[in-house]
Each structure stands twice: as C-alpha cells, then as structure tokens.
Amino acid sequence: MLKRDKITVALMTVFIASALTLTACATTDIEDKVSSMIGTESSADTAEPSMEKELSESGASTQEENLSSSSASASSDTLIDTSDFFSERDLEQEADLTDAYYMTLEDGQDISITQEGVYVISGTATDVSIIVEAADTDKVQIVLDGASITNTTDPAIYVKSADKVFVTTADGTSTLKVTGTFTADGTTNLDAVIYSKSDLVLNGTGTLNIESTANGISAKDDLKVTGGTYNITSAEDTVEANDSIRIYDGSFDITSKKDAFHSENSDDNTLGYIYIQDGNFTINATEDGIQATTVLMIDGGTFDITASEGLEATYVQINDGTIKIEASDDGINATQKSTAYDVVIEVNGGDITVNMGAGDTDGFDANGNIYINGGTISVTGNSAFDWDGEAQLNGGTVTVNGEEVTELTNQMMGGMGGFGGGHGGMGGQMPQDGQMPDGFDGQMPEGGQMPEGGQMPQDGQMPNGQFRGDKGGRMNGQMPSDQNTTESSSSSSQG
C-alpha cells in the first residue's frame with residue numbers, strides 16, 4: 001500500500017510539473033506544490049510527533065490515553081507525548097484587548113465574571129475576590145495590570161467554572177495575598193490564593209507576587225505556565241495541580257514549607273505528571289522541590305533547588321537542563337507512587353549537580369532502576385547511587401566526590417554510619433565477610449540498640465533476613481558484593 005502511494009505521488013509530480021510548465025508557471029511554484037505533496041506523504045509514514053513552539057490544543061485526550069497505557073520502559077522517547085501540550089493562545093504573552101472589559105478593584109467588592117471575555121483588572125483593595133463562574137465552554141482571560149489584593153480568608157482569584165481561565169500579567173507587578181485561615185465554600189475546601197476548578201494557564205510579561213498561609217496556586221485540572229515572573233511564598237504546597245503541571249517557560253522564585261511543585265490525582269492512577277520544557281527556577285522547599293505522582297519529565301531549564309528531596313516521581317526522566325540540587329534526604333528519587341509506570345531514574349542529557357547532606361542520604365535513589373545514557377552528572381555525598389533493580393551507565397560523564405567514575409556503585413547502606421545510625425563507626429559500609437573490624441569490643445555506639453538477643457550477626461546476615469533504613473539503601477538479607485557495581489558500556493547489565 002505504501003509503495004503504491006509513493007508511485008502515485010511520483011506520477012502526480014510529473015503531471016503537475018508538465019502542466020505548470022505549459023502554463024509558464026514559475027519553478028518555485030512547482031517546488032512548493034511538490035514539497036507539499038512530499039510533506040503529506042512523510043507525515044503518513046512517520047509515527048513520531050514533532051515538538052513545535054506553537055501547538056494545537058486538540059490532543060488532550062490523546063495524552064491521557066498515552067498516560068493510561070501499560071507500564072513504560074526505560075529510555076522511552078515517547079514517555080509523554082508533548083506535541084499537543086500548549087495551544088497558540090497559551091503561548092501568547094499579551095492579551096488581545098480589542099473587546100476587553102476594564103475593572104478597578106474596590107475594598108470588599110467582589111468582581112464576578114460570568115461569561116467569556118478578556119477582563120483587565122487594576123487597583124488595590126482588601127477583602128475582595130475575582131470569582132469566575134462561566135459556562136463550561138467559555139474561555140476567560142484575567143489580565144492583572146498592577147492589581148493588588150490582600151484577603152484574610154478567601155482566594156484572590158476563585159474559578160468555580162469555565163472551560164479554561166488565563167491569568168495574564170501585564171508589564172509591571174501585581175500582588176495577591178491571603179494572610180489568615182481559608183474559609184471553605186460549602187464542600188469545597190478553598191486553600192490557595194489562586195484556586196481553580198477548571199484548566200488554568202499562567203502567562204504574561206509582568207511579575208506576580210503571591211503570599212499564602214496555605215497553598216499558593218491550586219488547579220483541580222491541568223495547570224500550564226508559559227511565561228511571566230513568579231515570586232511565591234507559601235506555608236503549604238506552592239504550585240499544585242491534580243492532573244498535570246506543564247511549564248513551557250517562566251521565572252520562579254519559590255519558598256515553600258512543603259513542596260514547591262506538586263501534581264497528584266488521588267482518583268486516577270495515570271495522572272499527576274509534571275512536564276518542564278524551559279524556565280528559571282529558584283526553589284527553597286522544606287519537603288520536595290518538584291514532586292509528581294507518575295512522570296516528571298524535564299527537557300530544559302535552569303534549576304537551583306534546596307530541599308529535603310530535589311526531584312521525585314515514579315518515573316524521573318531528564319533530557320536536558322542545568323540542575324543544581326542541595327538535598328538533606330535524596331537528591332533525585334524514583335519511588336512507586338503509581339503503578340502506571342516503572343520506577344526509574346533516566347538521564348539522557350543535561351548538566352546535573354547534586355550535593356547531599358550527611359547521614360542516610362542518596363544522590364540518586366531508585367526503588368527500581370537507574371539508567372544514565374548521557375549528560376554530565378556530579379554527586380557529592382556519602383552515597384551517590386542507590387537502586388533496588390538494575391543500573392546502567394551507558395553514556396555521559398559521572399563524577400562522584402570529585403572523581404570521575406566509569407561504573408555505578410550501589411551504596412546500599414547510604415550514609416548510615418554503623419548500626420546505631422550515627423555518622424561515624426564503619427562509615428556506612430558493612431563488613432564483607434560478616435566479621436567485625438579489628439578492635440571491635442562488642443559494644444554498640446552510645447544510644448544504639450543491639451539486634452534481638454543482644455548478639456551481632458554471625459554470618460553476615462541481618463535480622464529477619466533484611467535491613468531497611470528510613471529512606472536509604474536496602475540490604476535484602478545480603479552483604480554488599482561485587483554484583484552491586486555496574487560498569488559502563490558493554491559490561492553494563494541490559495534492561
């Protein structure tokens with residue numbers, strides 16, 4: 001069938017060229033028509049979507065199908081199909097103000113938006129909410145033009161219904177604050193300065209400052225950010241969404257008492273993913289810098305993250321970007337948050353620097369597999385890599401504590417530092433033959449506990465056949481051995 005189509009195209013090409021020559025058409029016209037035909041044929045032949053800067057919005061259902069398919073394998077170029085993530089309007093950083101409505105904020109006077117349109121909001125006020133309650137087919141664009149809202153108990157922007165809502169910053173700075181305890185709206189637990197039950201898009205050319213006693217921005221469907229500057233401080237998650245967080249570009253300075261970015265859907269195991277194409281991120285988070293339930297996919301951007309854990313998801317894929325992580329627990333963590341995907345850390349490119357705190361910490365920690373196929377990685381800490389499945393070093397440059405390595409070593413015990421959990425002792429390494437070091441007097445470190453029966457292991461086996469730290473390495477009943485090292489290139493284990 002394909003061969004016949006190509007023959008048909010060739011015959012049609014000759015026919016068009018001859019006809020156009022007879023009518024004295026320009027050569028460039030012929031080339032354009034032929035190129036158009038060839039392009040049509042090529043699109044039928046290829047199954048790989050191309051990433052465009054301006055994309056249609058029609059493929060949301062396709063994306064959900066991809067995410068709900070069977071468990072994804074490592075090194076998958078189609079882990080997430082991003083071809084339809086952003087529409088042309090999503091990417092426009094300035095609103096079309098031709099038919100815009102202009103409104104000025106007043107103390108205690110809510111602004112109610114009930115129909116599709118562009119609304120320019122300016123002024124300074126307290127105890128006021130911009131409430132969107134439009135039809136499910138309506139697209140509403142809120143343009144913040146130097147607007148300042150300070151509330152005590154209610155969101156500054158509350159989207160009850162609409163097809164999609166854009167929050168666009170005009171040149172200059174707008175500020176949204178909630179200083180007290182949020183009040184519920186019936187059965188809806190309002191807990192964010194910008195709270196949306198519909199798809200939400202943030203874009204613009206200006207700066208938006210947000211301060212919250214709970215969450216900063218919360219979307220119950222998809223949340224997209226395609227531009228703008230955001231300075232956000234929150235007592236809980238800073239930016240959260242149920243279905244997905246998709247970031248095309250933007251600048252973020254975030255201080256969070258929980259997670260800086262968090263995507264989770266408790267009702268659908270296939271959703272709760274985060275995709276980042278570009279942007280600048282400065283993150284200080286008490287818990288996670290960026291956490292996704294299913295997939296965290298990074299194609300670019302500059303990241304400076306200080307957190308308990310830097311990046312976390314079931315499947316973490318890094319294809320590009322400059323990422324610096326200062327972590328007190330795990331730098332990059334893959335753990336079973338969803339059964340829709342394998343538990344994997346996959347690095348295909350980028351420049352990644354991970355500096356770990358002392359104790360039971362890991363630079364790369366996977367409760368499944370680790371695949372390093374490219375990029376430049378530097379890890380400083382007691383435990384660089386910890387995995388439960390397999391690990392492959394197939395490409396790239398990996399440096400551990402300042403020394404380039406050609407194989408990945410499974411640290412297993414992390415930075416436990418002996419049975420007592422301290423930072424000294426045996427330096428986090430178990431004996432190779434079950435024997436204690438010379439000079440060991442049978443006493444545990446002060447405050448440490450002996451295994452059941454008060455005896456040390458006699459044969460190198462841990463009590464009950466396994467040992468598991470808080471979040472560190474796993475013994476699974478066996479002492480570390482040469483099998484916990486994977487070499488690069490041909491000597492690597494195969495997935």
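- Using modelled atom types, no side-chain atom of Ser161 and backbone atom of Ala135 make a donor-acceptor pair closer than 3.5 Å.
- Considering only residues two or more places apart in sequence or on other chains, Asn265 meets the side chain to side chain donor-acceptor pair (under 3.5 Å) condition with Asp243.
- Pairs passing the ring-ring contact (aromatic ring centres under 6.0 Å, His included) check and including a residue from residues 289-310, sequence neighbours excluded, read Phe281-Phe303.
- Considering only residues two or more places apart in sequence or on other chains, Asp127 meets the salt bridge (charged side-chain N to carboxylate O under 4.0 Å, His left out) condition with none of them.
- Remark: the backbone N or O of Gly374 is not paired with any side-chain donor or acceptor of Asn348 at under 3.5 angstrom.
- Ring pair Tyr275/Phe85 is perpendicular by interplanar angle, where above 60° counts as perpendicular and below 30° as parallel.
- In this structure, a donor-acceptor pair under 3.5 Å is absent between the side chains of Tyr119 and Gln141.
- Under a 3.5 Å cut-off, the side chain of Thr314 and the backbone N or O of Thr293 do form a donor-acceptor pair.
- A search for side-chain contact (heavy atoms from CB on, under 4.5 Å) contacts involving Thr153 returns Thr183, not counting sequence neighbours.
- Checked against Arg246 for a salt bridge (Lys or Arg N to Asp or Glu O under 4.0 Å), the options Asp222, Asp199, Asp278 give a single hit: Asp222.
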Pairs under 3.5 angstrom only: tabulate donor-acceptor contacts from the side chains of residues 95-108 to other protein residues two or more places apart or in another chain.
residue	atom	partner	partner atom	Å
Asp96	OD1	Thr98	N	3.1
Asp96	OD1	Thr98	OG1	2.6
Tyr101	OH	Gln115	NE2	3.3
Asp107	OD1	Thr126	N	2.9

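- Take Lys177 and apply the side-chain contact (heavy atoms from CB on, under 4.5 Å) test, not counting sequence neighbours, and it matches Thr150, Thr175, Glu211.
- Among pairs with a residue in residues 122-146, none fulfils ring-ring contact (aromatic ring centres under 6.0 Å, His included), at least two apart in sequence or across chains.
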One pair to check against side-chain hydrogen bond (donor to acceptor under 3.5 Å, both in side chains): Ser338 and Asn269. What are the steps and the verdict? CA-CA 6 Å; Ser338 165; Asn269 186 49; 3.1 Å; yes
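- In terms of modelled atom types and a separation under 3.5 Å, the side chain of Thr213 and the main chain of Gly180 share a donor-acceptor contact.
- Residues that satisfy the side-chain contact (heavy atoms from CB on, under 4.5 Å) test with Thr114, not counting sequence neighbours, are Ser112.
- Residues passing the side chain to side chain donor-acceptor pair (under 3.5 Å) test with Ser234, sequence neighbours excluded: Thr238.
- Ion pair Lys164/Asp90 flagged as a salt bridge, since at least one NZ, NE, NH1 or NH2 atom sits closer than 4.0 Å to an Asp/Glu carboxylate oxygen.
- Under 3.5 Å, the side chains of Thr282 and Asp304 contain no donor-acceptor pair of N or O atoms.
- No more than 12 heavy atoms of other residues, nucleotides or ligands shown are found within 6.0 angstrom of NZ on Lys257.
- Residues Lys337 and Glu312 are paired through a salt bridge, judged by an N-O separation under 4.0 Å between the basic side chain and the carboxylate.
- When atom types are taken as modelled, the side chain of Ser196 and the backbone of Ser198 share a donor-acceptor pair closer than 3.5 angstrom.
- Glu326 and Asn355 share a donor-acceptor pair across their side chains, judged by distance under 3.5 Å alone.
- Identified under the ring-ring contact (aromatic ring centres under 6.0 Å, His included) test for residues 203-245, with sequence neighbours left out: Tyr230-Phe252.
- Shown here are the side-chain contact (heavy atoms from CB on, under 4.5 Å) partners of Thr205, two or more places apart in sequence or in another chain: Gln93, Glu94, Asp171.
- A donor-acceptor contact shorter than 3.5 Å links the side chain of Asn151 to the backbone of Asp154.
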For residues 185-192, tabulate all N or O donor-acceptor pairs below 3.5 Å that involve a side-chain atom, not counting sequence neighbours.
residue	atom	partner	partner atom	Å
Asp185	OD2	Tyr158	OH	2.7
Thr188	OG1	Lys197	NZ	3.0
Asp191	OD2	Asn215	ND2	3.1

